[in-house]
Amino acid sequence: MASGRSSSLCSIWVIVLLVGFTGSSSAQLSTNFYSKSCPKVFDAVKSVVQSAVNKEKRMGASLLRLHFHDCFVNGCDGSILLDDTSSFTGEKTARPNNNSVRGFEVVDNIKSQVEKTCPGVVSCADILAIAARDSVKILGGPSWNVKLGRRDSKTASLAAANSGVIPPPTSTLSQLKTRFQAVGLNERDLVALSGAHTIGQARCTSFRARIYNETNIDASFAKARQSKCPSTVGSGDNNLAPLDVQTPNTFDTAYFKNLINQKGLLHSDQILYNNGGSTDSLVKTYSGSANTFNSDFAKAMIKMGDNKPLTGSNGEIRLNCRRPN
Ligand code: HEM
Ligand SMILES: *[C@@H]1O[C@H](CO)[C@@H](O)[C@H](O)[C@H]1NC(C)=O
Ligand SMILES: *[C@@H]1O[C@H](CO)[C@@H](O)[C@H](O)[C@H]1NC(C)=O
């Protein structure tokens with residue numbers, strides 16, 4: 001008994017030390033962070049997101065992706081929003097982002113509305129987290145209470161954005177798992193979050209190799225995609241195709257059904273359902289249960305949003321999301 005108790009005391013210390021050393025400050029985020037200082041932030045963000053999505057459905061997907069690409073590079077700190085300055089080159093031209101990430105004008109509009117309502121209070125990093133939630137909800141997906149209190153970075157890192165922390169679409173399943181693990185997300189989170197590809201578009205350059213060279217792809221689907229994505233590198237690179245062939249503007253489970261039918265657009269999509277792989281059964285579960293997918297997606301989004309935020313007196317509340325104060 002005595003040795004049992006000392007070993008459980010010991011595990012508690014290990015946990016305390018691990019939390020201390022990994023520096024997870026997620027405990028400092030809270031859903032009521034602005035309840036006194038800016039209770040209208042939610043209405044302000046939602047109305048701008050709603051009109052942007054009314055104008056162009058795809059914008060919901062683009063805003064969701066901005067939060068992902070923000071959180072995976074040095075934590076959710078709004079760094080992706082920074083334009084280049086004389087002292088640093090930002091993340092916008094990094095390989096995963098260049099000619100690809102979009103929605104910055106919408107974030108500017110949200111920020112100016114929020115600044116009118118509560119000047120100097122709400123961070124750009126938090127705006128991305130709320131806009132991502134609103135986008136998903138507006139397109140028919142789940143909602144969740146967004147944890148808030150992130151502050152904005154004073155700099156951005158092109159090198160970090162290019163370092164592979166945002167995995168490329170050519171990744172193997174094991175590489176995807178490693179990249180997600182590095183930000184505290186497990187295999188279940190990986191599959192749930194990949195379900196974000198139930199909305200939005202990809203460029204030919206992101207899926208060319210798959211539609212011409214892979215064998216785990218539906219033949220007529222491949223042919224249809226090839227018709228607008230020439231095999232020659234440099235030709236039609238920016239031509240778009242929907243990530244979800246069935247319902248690209250609706251947040252539903254069609255993405256997972258597509259994977260089962262070998263109609264995943266990206267290599268990194270189809271690898272999640274591939275001949276007995278470790279994630280096959282979860283893809284099947286999500287394909288048949290919107291409730292399970294929605295609930296897991298919401299949980300995983302909250303986890304992703306917890307990644308290394310700047311809090312307390314770290315960072316700043318940017319007045320313009322594109323540049324440090
Ligand atoms: C699992 C690893 C992931 C990989 C390898 C990946 C890769 C990609 C690629 C290559 C594109 C198309 C980019 C282009 O061609 O311009 C894309 C689009 C997109 N991704 Fe991911 N992604 C991953 C995870 C995620 C996650 C976790 C989210 C959000 C939670 C997400 C949300 C999106 C959305 C919404 C789009 C469409 C954006 C638009 O239409 O503007 N992705 N992703
Ligand atoms: C980003 O894309 C533009 C073309 O739109 C290109 O001129 C530029 O070289 C690209 N930047 C990087 C770093 O790849
Ligand atoms: C397909 O694979 C062949 C052989 O590896 C390669 O030469 C070709 O460039 C690939 N095609 C595409 C579109 O990736």
Side-chain angles (χ1 to χ4, degrees), residues 53 56-72 76 84 89-104 106 128-129 131-133 135-136 139 141 158-159 161-162 164-173 175-181 183 185 187 189-215 222 225-226 229-244 248-249 251 255 264-272 279 296-298 300-305 307:
V53 174
E56 186 206 15
K57 288 269 170 64
R58 185 189 175 196
M59 191 51 72
S62 305
L63 292 171
L64 172 58
R65 188 167 183 237
L66 278 181
H67 182 46
F68 161 50
H69 282 207
D70 183 33
C71 289
F72 268 55
C76 315
D84 298 349
T89 306
E91 297 166 16
K92 291 180 178 180
T93 55
R95 237 171 294 112
N97 296 338
N98 199 27
N99 303 312
S100 182
V101 288
R102 57 202 293 283
F104 298 109
V106 176
L128 287 181
R133 187 271 311 270
S135 296
V136 169
L139 294 175
L158 175 67
N162 266 330
V165 290
I166 300 172
T170 49
S171 303
T172 63
L173 180 56
Q175 288 168 334
L176 292 179
K177 286 201 259 186
T178 303
R179 291 310 186 180
F180 275 62
Q181 241 160 42
V183 295
L185 298 167
E187 185 179 87
D189 300 321
L190 163 66
V191 179
L193 288 172
S194 295
H197 291 172
T198 181
I199 52 175
Q201 307 273 323
R203 293 164 305 151
C204 167
T205 186
S206 299
F207 57 82
R208 177 182 280 125
R210 167 157 170 75
I211 62 172
Y212 284 99
N213 271 344
E214 295 189 355
T215 53
R225 287 295 160 264
Q226 287 168 7
C229 176
S231 61
T232 311
V233 173
S235 159
D237 284 4
N238 294 323
N239 295 356
L240 295 173
L243 284 157
D244 169 1
N249 293 318
F251 198 98
Y255 167 82
L265 184 61
L266 305 178
H267 173 81
S268 52
D269 292 325
Q270 196 60 56
I271 207 77
L272 302 175
T279 52
D296 282 5
F297 184 81
M301 284 296 290
I302 293 168
K303 263 170 100 171
M304 186 175 87
N307 187 38

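All ligand and atom numbering here is 1-based and tracks the order in the structure. All values derive from a computational prediction rather than experimental measurement. Positions are given from 1 along the sequence.
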So His67 and Met301, do their side chains get closer than 4.5 Å, heavy atoms only?
yes
Write none if no such pair exists; otherwise list each N/O atom of ligand 3 with its protein N/O partner under 3.5 Å and the distance.
unit_1: ligand 3; atom_1: 2 (O); unit_2: Asn213; atom_2: OD1; d: 3.4
unit_1: ligand 3; atom_1: 2 (O); unit_2: Asn213; atom_2: ND2; d: 2.3
unit_1: ligand 3; atom_1: 11 (N); unit_2: Asn213; atom_2: ND2; d: 3.0

In this structure, atom 35 (C) of ligand 1 is nearest to the protein heavy atom Ala61 O, 3.1 Å
Provide the closest heavy-atom pair for Leu240 versus Arg58 in the form atom of the first, atom of the second, distance.
CD1-NH1, 3.5 Å
side-chain hydrogen bond (donor to acceptor under 3.5 Å, both in side chains) with Asn97: of Arg102, His69, Lys92, Glu91, only one passes, and it is His69
Considering the heavy atoms of Leu190, write down every atom of ligand 1 situated less than 4.0 Å from one of them.
1 (C)
Please report the shortest heavy-atom distance between Ala61 and Leu139, naming the atom on each side.
N-CD1, 4.3 Å
Quick note on ligand 1: atoms under 4.0 Å from a heavy atom of Arg58 include exactly 39 (C), 40 (O), 41 (O)
So, regarding Gln201 and ligand 1 (criterion: nitrogen or oxygen to nitrogen or oxygen, under 3.5 Å), is there a contact or not?
yes
Tell me whether Thr93 has any N or O atom under 3.5 angstrom from an N or O of ligand 2.
no
Ligand-side contact atoms (ligand 1) for residue partner Ser268, heavy atom cut-off under 4.0 Å
5 (C)
Closest heavy-atom approach to atom 15 (O) of ligand 1 among Ala300, Cys71, Ser206, Gly103 is made by Ser206
Closest non-hydrogen atoms of Cys204 and Pro230, given as atom of the first, atom of the second and distance, are SG-O, 4.2 Å
Please could you name the atoms of ligand 2 that Asn99 approaches to less than 4.0 Å, counting only its heavy atoms?
1 (C), 2 (O), 3 (C), 4 (C), 5 (O)
Can you tell me which residue and heavy atom of the protein come closest to atom 16 (O) of ligand 1, and the distance to 0.1 Å?
Ser100 OG, 2.5 Å
Starting from atom 41 (O) of ligand 1, which protein heavy atom do you reach first, and at what distance in Å?
Ser62 OG, 2.7 Å
Only one of Asp237, Ile211, Asn239 passes side chain to side chain contact (heavy atoms under 4.5 Å, CB included) with Cys229, and that residue is Ile211
Side-chain contact test, heavy atoms from C-beta onward, threshold under 4.5 Å: evaluate it for Leu158 versus Thr93 and give yes or no.
yes
Atom 12 (C) of ligand 1 [closest protein heavy-atom partner, distance rounded to 0.1 Å]:
Ala202 CB, 3.5 Å
What protein atoms of element N, O or S are positioned under 2.8 Å from atom 21 (Fe) of ligand 1?
His197 NE2
Any chance you could measure Ile199, atom CD1, to Phe251, atom CZ, to the nearest 0.5 Å?
6.0 Å
Can you give me the closest heavy-atom contact between Leu63 and Ala132, atom names plus distance?
O-CB, 4.4 Å
Out of Thr172, Thr178, Leu173, which residue meets the side chain to side chain contact (heavy atoms under 4.5 Å, CB included) rule with Gln175?
Thr172
Hey, does Phe180 have a side-chain heavy atom less than 4.5 Å from the side chain of Met304?
no
All heavy atoms of Leu265 vs all of Ala202, minimum pair found to be CD2-CB, 4.0 Å
Of all heavy-atom pairs linking Gly264 and Asp269, the shortest is CA-CB, 4.3 Å
Ligand 1 to Pro168, heavy atom cutoff 4.0 Å, flagged ligand atoms 5 (C)
Does Leu176 approach ligand 1 within less than 4.0 angstrom via side chain, backbone, both or neither, non-hydrogen atoms only?
side chain
Would you say the side-chain atoms of Arg95 pair up with the backbone N or O of Ala161, donor to acceptor, closer than 3.5 Å?
no
Only pairs at least two apart or in different chains count here, so list each salt bridge (charged side-chain N to carboxylate O under 4.0 Å, His left out) that has a residue in residues 191-200.
none
Sequence neighbours excluded, which residues qualify as side chain to side chain donor-acceptor pair (under 3.5 Å) partners of Gln270?
Arg210
Within less than 4.0 angstrom of ligand 1, does Phe207 place any heavy atom?
no
